[in-house]
Undergrad: 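Sharing a structure here in structure tokens format.
Proteins come first, then strands; the chains are lettered A, B, ... in the order of their sequence lines, and each starts at number 1. Because only heavy atoms are used, hydrogens play no part in the values below, and waters and symmetry mates are left out as well, while side chains stay in.
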Protein chains: 2
Amino acid sequence: MTNDQDASAKFALLQAAQALFAEEGFEKVSMRTLTQKAGVNLAAVNYHFGSKQGLIEAVIAGYINPVNQARLKALESAEGAAEGRPVALETILDCFLGPVLEAVRKSEIAEKLFFQLLGRCMVDQSLSSLPDSVMETFQQVLIRFPQALHRSLPELSEEEILWRLHFSIGVLVHVLSRTEGFLHLAGGRVGKPAFEEILAMVRTFCRAGLMSPAVKETVEAS
Amino acid sequence: MTNDQDASAKFALLQAAQALFAEEGFEKVSMRTLTQKAGVNLAAVNYHFGSKQGLIEAVIAGYINPVNQARLKALESAEGAAEGRPVALETILDCFLGPVLEAVRKSEIAEKLFFQLLGRCMVDQSLSSLPDSVMETFQQVLIRFPQALHRSLPELSEEEILWRLHFSIGVLVHVLSRTEGFLHLAGGRVGKPAFEEILAMVRTFCRAGLMSPAVKETVEAS
DNA sequence: TTCCCATTCAAACGTTTGTTTGAAACGAAC
DNA sequence: GTTCGTTTCAAACAAACGTTTGAATGGGAA
């Protein structure tokens, strides 16, 4: 039906975990339902991943790291193309949002589940308990992107840029994890667009938010 | 009888639950640690709230409903003052964000815990399992505020306004629940401002995002 | 007093949780 | 065929969970 039946228990577990974690959250999925859906023995999780937490971290790292690495790569390439000149704000934003869209396209699980899983990675886990590799790559993102943004928006302090990037991430996470609930609450007043369209609206919203005049005076000797 | 302050165990439970839920999340707090912190018997939760879920919902409703009711009241009063003219976008935003700040000030638990609790209410619970009273009031917010925004931003379709309000809520929730992690990840590059200052930045960000020119053409031919 | 109702309490209930165990099964190398 | 390391399996494990129980407690009202 699907692909190569190379499906060692490890692969089957990852696949089942992605779907189930997305549907119900990391904590609420028991290892029994998990292994049952994967068609493997209960002990397989502890054998292949050490513990349930190990499986959770493997799933998280497998999802978030590619996105953040693609972000850094896209930004590097954009900066290379700019040849020393500041990269346009819109381009930086695309470097940030594009990899999410791309990851959705590449995803083997349903689009809807992907949203929920990616959103849940930011939400269920307390940030400090994320896998180290995820923390490190994300930290890189929180360094490179503010640098690029600062060159594009020199009138803003790096601190305020960081805050606005924080806000933008909030929009993205919220859209990924809670859009379904929003659509339900909105009743019939808003139909569900394709993810590209939602992301286009996010882009517009965050672009305007990032470009807005500074809240604080840029701190120069007071 | 049922209420007034004579229900000391009930009150102690609510107080302890607020702090613990904020610190560790709804699911991770066991009834034994909960009742122990409150200094009451283990069975008290089931006696006073029916179940753990009942306590969770009481805590959530006690926090979110006052905020949403204050939002609606503030908007009504602003619309009264406007006497038929559209309310300014900044005023609408203040009606939306102000009650959060006010609730923080009134909160009996530490400010930091309040953030986490309020953020967690949106995050831990799947939206459809929120208490009915919360859903209803929040639905009212999702009706009144887009109406007011549409009068202030007539060039935007109501649908796009709803999306942008969705985004703004995302910023707020993210700021409430994940700012601590953000500060940690940012290393020493950004100091923690007072909550008022953070909200001021949120206001600026969302104002610009809301005001941005429409993504879609207002009229769709299909 | 006696009765009644609301509340508290210690103890136990039945499930479910993640994890561990020791044996069985498999496949490749010798 | 025998050996060896890896993987699978059924079964059991101890701990933690939310909930229930039935008796004890306390203070008004009759």
Undergrad: Whole Å only: how far is the NZ atom of A:K52 from the C1' atom of C:dT20?
TA: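 After rounding, the reported distance stands at 17 Å.
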
Undergrad: Can you measure A:L42 atom CG to C:dT20 atom P for me and round it to whole angstrom units?
TA: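 Rounded to the whole Å, the gap is 12 Å.
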
Undergrad: With a cut-off of less than 4.0 Å, is there a side-chain N or O of B:N41 near OP1 or OP2 of C:dA10?
TA: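 So the side-chain polar atoms of B:N41 do come within 4.0 Å of the phosphate oxygens OP1 or OP2 of C:dA10, strictly under.
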
Undergrad: Rounded to whole Å, please give me the gap between CG in A:N46 and P in C:dT19.
TA: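 It is 5 Å, rounded to the nearest whole Å.
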
Undergrad: Starting at atom CD of B:E27, determine the distance to atom C1' of C:dG18, rounded to an integer number of angstrom.
TA: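 For the pair B:E27 CD and C:dG18 C1', the rounded distance is 17 Å.
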
Undergrad: Can a side chain N or O of A:S30 be found less than 4.0 Å away from OP1 or OP2 on C:dT17?
TA: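 So the side chain of A:S30 is within the cut-off, an N or O lying under 4.0 Å from OP1 or OP2 of C:dT17.
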
Undergrad: What about the rings of B:H174 and A:H166, do their centers lie closer together than 6.0 Å?
TA: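 Aromatic pair counts; centres sit under 6.0 Å.
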
Undergrad: Please determine, for the side chain of B:A43, which listed nucleotide (D:dT20, C:dT20, D:dG18) has the closest atom?
TA: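 Nearest listed nucleotide: D:dT20.
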
Undergrad: Determine the minimum heavy-atom distance between B:I92 and B:V87, stating which atoms define it.
TA: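 Looking at all heavy atoms of both residues, the closest pair is CD1-O, 3.6 Å.
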
Undergrad: Report the nucleotide, chosen from C:dT19, D:dT20, D:dG18, that has the shortest atom-to-atom distance to any side-chain atom of B:R32.
TA: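 The answer is D:dG18.
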
Undergrad: Go through D:dC17, C:dA6, C:dT19 for me and flag the one nearest to the B:Y47 side chain.
TA: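 That would be C:dA6.
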
Undergrad: B:H150 side chain to B:L156 main-chain N or O, any donor-acceptor pair under 3.5 Å?
TA: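 Yes, the answer is positive, given that a donor and an acceptor are paired below the 3.5 Å cut-off.
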
Undergrad: Can you tell me the distance, in whole Å, between the CD atom of B:Q36 and the P atom of D:dG18?
TA: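 Whole-Å distance recorded here is 14 Å.
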
Undergrad: Is the side chain of A:R71 donor-acceptor paired with the backbone N or O of A:P99 at a distance under 3.5 Å, no angle test?
TA: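 Side chain of A:R71 to backbone of A:P99: no pair is present.
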
Undergrad: I want to check one thing: is the phosphate of D:dT6, taken as OP1 and OP2, less than 4.0 Å away from some side-chain N or O of A:H48?
TA: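 No.
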
Undergrad: Taking atom P of C:dA12 as reference, at what distance in whole Å does atom CE of B:M31 sit?
TA: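 So the CE-P distance, B:M31 to C:dA12, works out to 19 Å.
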
Undergrad: Mind calculating the distance between CD (B:E24) and P (D:dA16) to the nearest angstrom?
TA: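 Rounding to the nearest Å, CD of B:E24 and P of D:dA16 are 15 Å apart.
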
Undergrad: What is the separation between atom CZ on B:F11 and atom P on C:dT7, rounded to the nearest whole Å?
TA: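 Rounding to the nearest Å, CZ of B:F11 and P of C:dT7 are 17 Å apart.
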
Undergrad: How about B:F205 and A:W163: are their ring centres within less than 6.0 Å of each other?
TA: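 Not close enough - the centres of the two rings lie 6.0 Å or further apart.
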
